[in-house]
**Student:** 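If you scroll down you'll find the structure; I have some questions about it.
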Amino acid sequence: MRPAGPGLLQASGRSGALLVGASLGLAWTPCAGPVLASVLALAASSQSPAKASGMLGLYAIGAGIPMLLIAYGSRWINSRLSFFQKHADLLRKVFGLIAIGVAILQLLQYDVFVSAWATQWLPPLPRSLIS
C-alpha cells in the first residue's frame, strides 16, 4: 500500500486485490447469502451427490460470470473510451459515494421503504403468478 493523499492509502498489487475482494465479500453477502443458503439446503437434501454438486456448480457459474463480465468489460470500455480514461478518478469517487450511500440506507433499513415506494409504479401481478 502506498499513500494516495491526506489520510488515504491506495492499495495496489496483491494487497489491492485482497482489499477489493474483502469489500466485495462484505457487500455481496447480504444479497447472495439467502440464495446460497437455499441452494445449500437443496443440495443437502438431495439424495444424489452428482445432483448436489451440479446445483452448487451452477450457482458458482451464475455468480462468477457477471463478475467476470464486469471486470473484463470495464477494462475493455476503459481502454476504448477516452472519456472514462480522463474522468476515471471522478467516476470512481462518485460511484463510491453512491455505494456508501446505499450501504447506509441498507444499514438503517431504509431500502425497505424505498422498495415499497417504488412498487407503486410496477404493474400489478396476475394472481396466477403469485399462487
Side-chain angles (χ1 to χ4, degrees):
M1 290 197 198
R2 59 183 192 226
L8 297 175
L9 289 177
Q10 181 174 346
S12 60
R14 290 185 178 166
S15 61
L18 178 65
L19 182 63
V20 169
S23 62
L24 176 65
L26 287 173
W28 193 55
T29 299
C31 302
V35 176
L36 178 58
S38 300
V39 172
L40 287 172
L42 286 172
S45 67
S46 173
Q47 298 298 321
S48 166
K51 185 177 178 182
S53 298
M55 281 190 275
L56 292 171
L58 287 173
Y59 175 81
I61 290 169
I65 287 175
M67 290 184 198
L68 289 173
L69 290 174
I70 290 170
Y72 289 113
S74 64
R75 283 186 185 171
W76 182 83
I77 288 172
N78 195 23
S79 68
R80 284 165 179 74
L81 298 176
S82 63
F83 173 80
F84 288 110
Q85 290 175 349
K86 291 177 188 173
H87 303 294
D89 288 334
L90 176 64
L91 290 171
R92 281 190 197 105
K93 289 176 184 174
V94 167
F95 284 109
L97 288 174
I98 291 171
I100 290 170
V102 169
I104 290 171
L105 286 175
Q106 289 176 335
L107 180 67
L108 300 174
Q109 298 184 353
Y110 282 109
D111 58 327
V112 176
F113 297 121
V114 172
S115 296
W117 172 76
T119 56
Q120 65 185 338
W121 288 287
L122 295 174
L125 291 175
R127 295 216 36 102
S128 61
L129 289 178
I130 297 172
S131 318

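No experiment lies behind these values; they were computed from the predicted model shown.
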**Student:** Do Asp89 and Arg92 have side chains that get closer than 4.5 Å, going by heavy atoms?
**Tutor:** yes
**Student:** For residues 31-54, dump all side-chain donor-acceptor pairs below 3.5 Å to protein atoms at least two apart in sequence or in another chain.
**Tutor:**
residue: Ser38; atom: OG; partner: Pro34; partner atom: O; Å: 3.0
residue: Ser45; atom: OG; partner: Ala41; partner atom: O; Å: 3.2
residue: Ser45; atom: OG; partner: Leu42; partner atom: O; Å: 3.1
residue: Ser46; atom: OG; partner: Ser48; partner atom: N; Å: 3.2
residue: Ser46; atom: OG; partner: Ser48; partner atom: O; Å: 3.2
residue: Ser48; atom: OG; partner: Ala50; partner atom: N; Å: 3.4
residue: Ser48; atom: OG; partner: Lys51; partner atom: N; Å: 3.2
residue: Ser53; atom: OG; partner: Pro49; partner atom: O; Å: 2.9

**Student:** If Ile, Leu, Val, Met, Phe, Trp and Tyr residues are connected whenever their side-chain heavy atoms lie under 4.5 Å apart, and connections chain through other members, are Val102 and Leu97 in the same group?
**Tutor:** no
**Student:** Same cluster or not: Leu105 versus Phe113, using hydrophobic residues (I, L, V, M, F, W, Y) connected whenever any side-chain heavy atoms lie under 4.5 Å apart?
**Tutor:** yes
**Student:** Look at the aromatic rings of Trp121 and Trp117 and report parallel, tilted or perpendicular, splitting at 30° and 60°.
**Tutor:** perpendicular
**Student:** Please list, one pair per line, the donor and acceptor atoms closer than 3.5 Å that link side chains of residues 61-71 to other protein atoms, with sequence neighbours excluded.
**Tutor:**
none

**Student:** If you group Ile, Leu, Val, Met, Phe, Trp and Tyr by side-chain heavy-atom gaps below 4.5 Å, do Leu108 and Ile100 land in one group?
**Tutor:** yes
